[in-house]
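Reading through the C-alpha cells given below for one structure.
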Amino acid sequence: MRYLPDDPMGESAFQPYPFLLAAAERLAAGLARRGLTPGDPVGLLLDRPRDVIPAFWGCVLGGFVPCPLPPLPDDADRAREHLAHLGELLDGPLLLTTEPVAGAAPRGARVRMVPIGQLHAEAEAETEPGPARAPPRRRTAPPMPPMPPSPPTASRCSCSPRAPPGGPRRCASPTPTCWPRWPPRPSGSG
C-alpha cells in the first residue's frame, strides 16, 4: 500500500500488506484491551490515510464497527456540540484520534478519546526488543475439507416449453433434460 505524502514535495510512503495486517492486529488488540467487545462502534477521528487505513482494518479484524468521522470544527463550542452529538448518536463510543485532538478535546462529552499513537506505543512496549523486526510470519489457513458430492440437479433446456400439437417434444440440447410440464395437462387437451 502506498500513502501519499503529507507535504506536496515529500515522498510517498510504502507499507507492505503484511505490515498493514500486523498494525491492524495490534490496534485490534489495543482496542480490545480498552474493554471493547465485537459490535461496539469506534469513531475514527483521524485525518491521515496512514492512520485511517490500519485503524479501519483493526476495527474490522476485532469485530468492532468502524465509523470514519470528519475533522472537528475549529470553534471550541461547535466541537463540544459535535462531540456531544456523537456521544448520543453512538451511545458513548471510543474515538480513535491523534494526540493534538485528544489533548484539545472538551471535557464532559460522552466519548472516550484514545490517541492512536498511544495504542502503537503500547503495542511496541509489548513486543520483544531486538534487531530490525522482520515482517510477520505468513499465516496459513488449515486445509479445506473435501467438497461433498453435488446433489443431483435438473436443469431446463433451451427448447420450447410447448411441443407442437400431437407431436413429440424435441430437444436440441446435447443432454436431453427437458422437464415435463407441471402440473401435467390432461391427455385430451392439446
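The structure places CZ of Phe56 at 12.5 Å from CG of Leu46, a figure rounded to the nearest 0.5 Å. Atom CZ of Arg34 sits about 11.5 Å away from atom CZ of Phe64, to the nearest 0.5 Å. One distance of note links CZ of Arg78 with CG of Leu72; it measures 10.5 Å at 0.5 Å rounding. To the nearest 0.5 Å, atoms CZ (Arg50) and CD (Gln15) are separated by 9.0 Å.
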Verdict with supporting geometry, Ile116 and Thr97, side chain to side chain contact (heavy atoms under 4.5 Å, CB included):
CA-CA 6 Å; Ile116 193 166; Thr97 186; over 6 Å; no
Could you please spell out the steps behind the salt bridge (Lys or Arg N to Asp or Glu O under 4.0 Å) verdict for Arg33 and Glu122?
CA-CA 10 Å; Arg33 279 193 303 273; Glu122 290 171 4; 3.7 Å; yes
Go through Cys67 and Leu44 one step at a time and tell me if the side chain to side chain contact (heavy atoms under 4.5 Å, CB included) criterion holds.
CA-CA 6 Å; Cys67 304; Leu44 303 180; over 6 Å; no
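With a 4.5 Å cut-off on side-chain heavy atoms, Leu96 and Pro66 do not count as touching. Leu94 has its side chain out of reach of Val111: every pair of non-hydrogen atoms, C-beta onward, lies at least 4.5 Å apart. By the 4.5 Å heavy-atom criterion applied to side chains, Leu21 and Leu61 are counted as neighbours. For the pair Val114/Leu95, no side-chain contact is recorded, criterion being any heavy-atom separation below 4.5 Å from C-beta on. Between Leu20 and Pro54 the shortest side-chain heavy-atom distance falls below 4.5 Å. Counting only heavy atoms from C-beta outward, the side chains of Met113 and Leu45 approach each other to under 4.5 Å.
Linking Ile, Leu, Val, Met, Phe, Trp and Tyr residues whenever their side-chain heavy atoms come within less than 4.5 Å leaves Phe19 and Phe14 in two separate clusters. Ile53 and Val65 fall into different hydrophobic clusters, defined by Ile, Leu, Val, Met, Phe, Trp and Tyr side-chain heavy atoms under 4.5 Å apart, directly or through other members. Both Val52 and Leu119 are members of a single hydrophobic cluster when ILVMFWY side chains are connected at heavy-atom separations under 4.5 Å.
When all heavy atoms of Pro115 and Glu99 are compared, the closest pair comes out as CB-OE2, 3.5 Å.
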Taking distance alone, no hydrogens or angles, what donor-acceptor pairs closer than 3.5 Å link side-chain atoms of residues 84-93 to residues at least two apart or in another chain?
from, atom 1, to, atom 2, distance (Å)
Glu88, OE2, Arg110, NH1, 3.4
Asp91, OD1, Arg110, NH2, 2.8

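Counting only distance, with no hydrogens or angles, the side chain of Asp40 and the backbone of Thr37 share a donor-acceptor pair below 3.5 Å.
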